[in-house]
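A quick write-up on the structure given underneath.
As the structure is a prediction and not an experimental result, all values here were calculated from the model.
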Amino acid sequence: MSSEASIRPSQQLSRRGLRLSGIVIAGILVAIVVIGLVTRATQANSLKTWTQEQAVPTVSVVAPAPSNSGPVLDLPGQLQAYVRAPIYAQVSGYLKSWKTDIGTPVKAGELLGEISTPELDQQLQQARADLASAKANADLASVTAKRWQAMLGSDSVAQQDVDQRTADYAAKLAQMKSAQANVDRLVAAKAFARIVAPFDGVVTARDTDVGALINAGSGTGPELFVVSDIHKLRVYVQVPQRYGPSIRPGSQAVLSVPEYAGREFHAQVMATSNAVNTTSGTTLVQLQVDNADNQLMPGGFAHVRFHLPVDGSALRVPASALIFDKAGLRVATVGAGDKVAFKTVSILFDYGKTVAIGSGLSANDRVIDSPPDGIKDGDVVKLANDDVKLATADAAAKPHEKA
């Protein structure tokens, strides 16, 4: 009895220990589960927050910058002589001789060539003979008229006869003057057998030779010689319509030619056509450049650079900020609440890396540089930098314009 009584309390103590251990283990397991659930919820919440933050695009913004210097317009031009005179024959015949070849400087009135005119010479001889005959007839008519006038005083002849002799003298006198005019005409034509320079210049072409048949005409036959005044040259440039109002008479330009690499020649705008060519959409501008040393050649090609005036209303932004889609040409700006606002703009000048905006932007706008794909009006964005960068431009940049 005593042994059984002693066993029961120990069994009760063992059961209690086991129960307590089970409760402790269960509590630990519950705590582990709770901690796991809390940790997982925290991680999920952090992941959600990170995902939401990543869903908001980060953009870099720039401020439109005013233009500190005007654009440089680079266009092709053509050099032409200040005065160019193609010389044609005014009498027919054969070229007897030429005195000057291409590249020869000449003075006004200097002989370039001479034409042999046998047919004209014969016409002149005949005209002089006709003049001599007409003069003899006029002299005879004059003497006859005077005699009849004298006889009229003695009533020996009728007034009608006297009037006939007087009228005959007037007709013969008119015939003599006509013959004289014909002689003068042929003499003047004979003078054109001597081909002379019309002004001081250089012979830039000779398209004839000794013995060549010469046909009289102006602009219909071949040019015998071309004399050009090249102490100054005219430069003709086709300027796009949008730049026409910026280039006026008195504007300055700089020329460069392939044969003198690195050298510049200064020219001045003398006139503009004040009209737009409907085919090319350009206006013709004429410049003048000094060529006292005869280094520039007429007919040559030249690069012409115009330094256009500064447009105070133009704002420069990076070219990478432009968006061109079905809605047109636009830029994305960051407005109130860091929300995207698209603005339609127009380009005034294209400098390559930057463009000058003519309308649609203000200096206070924050323009998104390189906007991400898929960005839409009203989207919230995150600024990559708190300070807005100023859109600067290369002062030496030139507007891209095709001639």
Side-chain angles (χ1 to χ4, degrees), residues 57-77 237-248 251-254 256 276 280-283 285 303-335 338-379 381 383-385 387-403:
T58 301
V59 297
S60 176
V61 295
V62 296
S67 298
N68 296 324
S69 60
V72 177
L73 186 62
D74 194 350
L75 295 172
V237 182
Q238 297 288 347
V239 176
Q241 179 180 351
R242 68 166 64 180
Y243 304 120
S246 300
I247 301 175
R248 308 306 302 170
S251 301
Q252 301 296 319
V254 177
S256 59
V276 176
S280 62
T282 59
T283 181
V285 174
H303 289 283
V304 184
R305 294 200 308 276
F306 296 96
H307 293 269
L308 302 183
V310 178
D311 189 342
S313 63
L315 296 172
R316 292 189 183 184
V317 297
S320 55
L322 297 177
I323 300 173
F324 187 76
D325 52 20
K326 62 181 181 180
L329 185 64
R330 303 182 296 169
V331 296
T333 63
V334 178
D338 291 343
K339 292 184 177 181
V340 175
F342 283 95
K343 292 191 174 184
T344 302
V345 297
S346 63
I347 296 178
L348 190 61
F349 297 108
D350 185 353
Y351 296 91
K353 293 183 179 180
T354 62
V355 294
I357 302 299
S359 62
L361 277 183
S362 66
N364 298 325
D365 286 331
R366 295 182 295 174
V367 179
I368 299 176
D369 189 13
S370 300
D373 295 336
I375 193 171
K376 291 184 284 185
D377 204 0
D379 288 350
V381 294
L383 301 184
N385 52 336
D387 296 331
V388 179
K389 296 185 294 183
L390 189 66
T392 57
D394 184 4
K398 303 174 183 178
H400 291 255
E401 187 66 41
K402 293 182 180 179

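- Atom OH of Y243 sits about 7.5 Å away from atom CG of L348, to the nearest 0.5 Å.
- Residue V340 comes nearest to A332 through the heavy atom pair CG1-CB, 4.2 Å, listed as atom of the first residue, atom of the second, then distance.
- Side chains of V62 and P318 form a contact here, defined as non-hydrogen atoms less than 4.5 Å apart.
- By the neighbour-count criterion of 12 heavy atoms within 6.0 Å, atom CD of Q252 is densely surrounded, having more than that number from other residues, nucleotides or ligands.
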*Taking it one step at a time, do T333 and V367 satisfy side chain to side chain contact (heavy atoms under 4.5 Å, CB included)?*
CA-CA 4 Å; T333 63; V367 179; 4.2 Å; yes

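- The two residues I357 and L361 come nearest to each other via the heavy atoms CG1-CD1, 4.1 Å.
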*Would you check, one step at a time, whether the test side chain to side chain contact (heavy atoms under 4.5 Å, CB included) holds for I375 with F342?*
CA-CA 10 Å; I375 193 171; F342 283 95; 3.9 Å; yes

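- The two atoms that bring S362 and P64 nearest to each other are O-CG, 3.6 Å, heavy atoms only.
- Side-chain contact between P371 and V59 is absent, with no heavy-atom pair separated by less than 4.5 Å.
- Closest of all the heavy-atom pairs between G244 and V239 is N-CG1, 4.1 Å.
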*asked:* Is there a side chain to side chain contact (heavy atoms under 4.5 Å, CB included) between V237 and I247? Walk through the geometry before answering.
replied: CA-CA 11 Å; V237 182; I247 301 175; over 6 Å; no

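- In plain terms, the two heavy atoms of V304 and A253 that are nearest each other are CG1-CB, 3.9 Å.
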*asked:* Assess the residue pair D338 and R366 against the criterion (side chain to side chain contact (heavy atoms under 4.5 Å, CB included)); give the C-alpha distance rounded to whole Å, side-chain angles, the decisive distance to 0.1 Å, and a yes or no.
replied: CA-CA 10 Å; D338 291 343; R366 295 182 295 174; 3.7 Å; yes

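- The structure places OG of S280 at 10.0 Å from CD of Q241, a figure rounded to the nearest 0.5 Å.
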Atom pairs and distances, side-chain donor-acceptor, residues 320-327, under 3.5 Å, sequence neighbours left out:
residue: S320; atom: OG; partner: D369; partner atom: OD1; Å: 2.5
residue: D325; atom: OD1; partner: A327; partner atom: N; Å: 3.0
residue: D325; atom: OD2; partner: R330; partner atom: NH2; Å: 2.7

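- Side-chain contact between V61 and I368 is present, with at least one heavy-atom pair separated by less than 4.5 Å.
- Within the 4.5 Å cutoff, the side chain of H303 has heavy atoms near those of the D74 side chain.
- Looking only at side-chain heavy atoms (C-beta outward), L75 and V285 stay at 4.5 Å or farther from each other.
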